[in-house]
Novice: 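This is the structure I have questions about; it appears just below.
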Amino acid sequence: QILTQSQGHREAWIHRGRIRIGWGLSRETRGQDPSDLYRSAIEDLSEAIRRESSATQAWMGRANAHIRLAAYFHKRGMEIVGPCNAALGDLEVASGLAPEDSEIGFQRAYVRSLLGSQRWTQGGNPKSDFEAALLEIERSLRLDPGWSEAWLLRGSIAGDLGLYFVGIGI
């Protein structure tokens, strides 16, 4: 209803995009296809960006929608390079707008680890993807050393590289 009353309000577009991502996640947990909701969220967040290109939340939200789409595709053995590259592009812009935001590095690390995982399942060498992911998560941890979820992702990525003692902080 906010969108019909105020088509120019970027916050409304951001909220609608986030809601659609949430609905998509809900659908996904019930075993249903969420891709249309993730794509709709991308459209909403693109509209927010068109209305205010300096809206970090919109760039981060759109990256998240691309990431959710990539993760869903990855679970089904589908190609993820397009959504991953779109997410990385959005995160690059967000990083320029908010260079001290630890969430950006976390999301980039997750995307790079997804790419590495897909490369590995396709018989390729994922080492460079996982190394890039590890660098990104290290950056996030420098910005926010108490973030437990980032430490968990770091351990997972280090394990993918065979660096088990690094993964547990030894």
Side-chain angles (χ1 to χ4, degrees), residues 2-3 6-29 33-119 126 128-144 147 149-150 152-154 156-157 160:
I2 292 172
L3 288 173
S6 175
Q7 287 290 319
H9 195 335
R10 76 166 164 81
E11 286 294 319
W13 292 99
I14 292 171
H15 290 302
R16 189 165 88 168
R18 287 179 176 166
I19 289 167
R20 288 183 176 183
I21 292 169
W23 285 344
L25 289 169
S26 176
R27 241 192 224 176
E28 204 169 336
T29 60
D33 183 350
S35 59
D36 63 324
L37 287 167
Y38 296 147
R39 286 186 182 105
S40 294
I42 291 166
E43 290 173 17
D44 289 341
L45 293 154
S46 295
E47 184 60 32
I49 291 166
R50 275 191 289 280
R51 293 174 186 283
E52 187 178 332
S53 63
S54 64
T56 306
Q57 290 179 327
W59 289 101
M60 289 292 294
R62 190 169 75 175
N64 187 31
H66 284 297
I67 291 166
R68 296 304 339 141
L69 190 61
Y72 176 73
F73 287 170
H74 180 62
K75 287 179 200 171
R76 277 140 192 80
M78 299 166 64
E79 185 56 50
I80 64 168
V81 172
C84 285
N85 285 340
L88 290 171
D90 287 349
L91 291 167
E92 185 64 31
V93 174
S95 178
L97 296 169
E100 299 302 312
D101 188 338
S102 59
E103 176 75 19
I104 295 167
F106 180 90
Q107 295 295 346
R108 284 198 286 217
Y110 180 71
V111 170
R112 293 190 188 286
S113 69
L114 271 178
L115 287 166
S117 180
Q118 184 170 73
R119 190 178 315 276
S128 64
D129 297 307
F130 291 133
E131 287 173 342
L134 192 58
L135 288 174
E136 291 289 354
I137 202 64
E138 294 284 343
R139 178 185 174 277
S140 283
L141 286 166
R142 281 193 300 278
L143 294 169
D144 186 358
W147 189 8
E149 192 174 0
L152 181 63
L153 182 59
R154 179 183 182 262
S156 175
I157 294 165
D160 289 334

Novice: Distance from Ile137 atom CD1 to Ile157 atom CD1, nearest 0.5 Å?
Specialist: 5.5 Å
Novice: Can you name the salt bridge (charged side-chain N to carboxylate O under 4.0 Å, His left out) partners of Glu52, sequence neighbours left out?
Specialist: Arg10
Novice: Kindly give the heavy-atom pair with the smallest separation between Trp13 and Ala48, and that separation in Å.
Specialist: CB-CB, 3.8 Å
Novice: Can Arg16 and Glu47 be counted as an ion pair, charged N to O under 4.0 angstrom?
Specialist: no
Novice: Which heavy atom in Ser140 sits nearest to a heavy atom in Phe106, and how many Å separate them?
Specialist: OG-N, 2.8 Å
Novice: Between Ile67 and Tyr110, does the side chain to side chain contact (heavy atoms under 4.5 Å, CB included) criterion hold? Intermediate values first, please.
Specialist: CA-CA 9 Å; Ile67 291 166; Tyr110 180 71; 3.5 Å; yes
Novice: Salt bridge check: are Asp36 and Arg27 linked by an N-O gap of less than 4.0 Å?
Specialist: yes
Novice: To the nearest 0.5 Å, what is the distance between CG on Asn64 and CG on Leu25?
Specialist: 7.5 Å
Novice: To the nearest 0.5 Å, tell me how far Lys75 NZ sits from Ile80 CD1.
Specialist: 12.0 Å
Novice: Do Glu28 and Tyr38 come close enough that some side-chain heavy atom pair is under 4.5 Å?
Specialist: yes
Novice: Who passes salt bridge (charged side-chain N to carboxylate O under 4.0 Å, His left out) against Glu103, sequence neighbours left out?
Specialist: none
Novice: Nearest 0.5 Å, what's the OG-CG distance between Ser156 and Leu134?
Specialist: 10.5 Å
Novice: So, taking the atom named OG in Ser102 and the one named CD in Glu149, what distance separates them when rounded to the nearest 0.5 Å?
Specialist: 10.5 Å
Novice: Looking at CG of Leu115 and OG of Ser128, how far apart are the two atoms once the value is rounded to the nearest 0.5 Å?
Specialist: 9.5 Å
Novice: Spell out, as yes or no, whether a donor-acceptor pair under 3.5 Å connects the side chain of Ser117 to the backbone of Leu114.
Specialist: no
Novice: What I'd like to find out is whether the side chain of Asp101 reaches to under 4.5 Å of the side chain of Ser95, using heavy atoms alone.
Specialist: no
Novice: What verdict does the side chain to side chain contact (heavy atoms under 4.5 Å, CB included) test give for Met60 and Leu91, after you've listed the backbone C-alpha separation in whole Å, the side-chain angles of each residue and the deciding distance to 0.1 Å?
Specialist: CA-CA 6 Å; Met60 289 292 294; Leu91 291 167; 3.7 Å; yes
Novice: Does the pair Arg139/Glu136 count as a salt bridge with the N-to-O cut at 4.0 Å?
Specialist: no
Novice: Do you know the tightest heavy-atom contact between Gly61 and Ile21?
Specialist: O-CD1, 3.7 Å
Novice: Between Leu37 and Gly24, which heavy-atom pair has the shortest distance, and what is it?
Specialist: CD1-N, 3.6 Å
Novice: Is any side-chain N of the basic residue among Arg112 and Asp129 closer than 4.0 Å to the acidic one's carboxylate O?
Specialist: no
Novice: With no hydrogens and no angle check, is any side-chain donor or acceptor of Gln118 less than 3.5 Å from a backbone partner on Met78?
Specialist: yes
Novice: How close do Trp59 and Ala94 get, heavy atom to heavy atom, and via which atoms?
Specialist: CB-CB, 4.1 Å
Novice: Side chains of Arg76 and Tyr72: is there a donor and an acceptor less than 3.5 Å apart?
Specialist: yes
Novice: Applying side chain to side chain contact (heavy atoms under 4.5 Å, CB included), run through His66 and Cys84 and close with a yes or a no.
Specialist: CA-CA 7 Å; His66 284 297; Cys84 285; over 6 Å; no
Novice: Would you say CH2 of Trp23 has more than 12 non-hydrogen atoms from neighbouring residues, nucleotides or ligands within 6.0 angstrom?
Specialist: no
Novice: Can you name the closest pair of heavy atoms from Ile42 and Arg62 and give their distance?
Specialist: O-CD, 3.9 Å
Novice: Could you go step by step and tell me if Arg20 and Arg39 meet the side chain to side chain contact (heavy atoms under 4.5 Å, CB included) rule?
Specialist: CA-CA 9 Å; Arg20 288 183 176 183; Arg39 286 186 182 105; over 6 Å; no
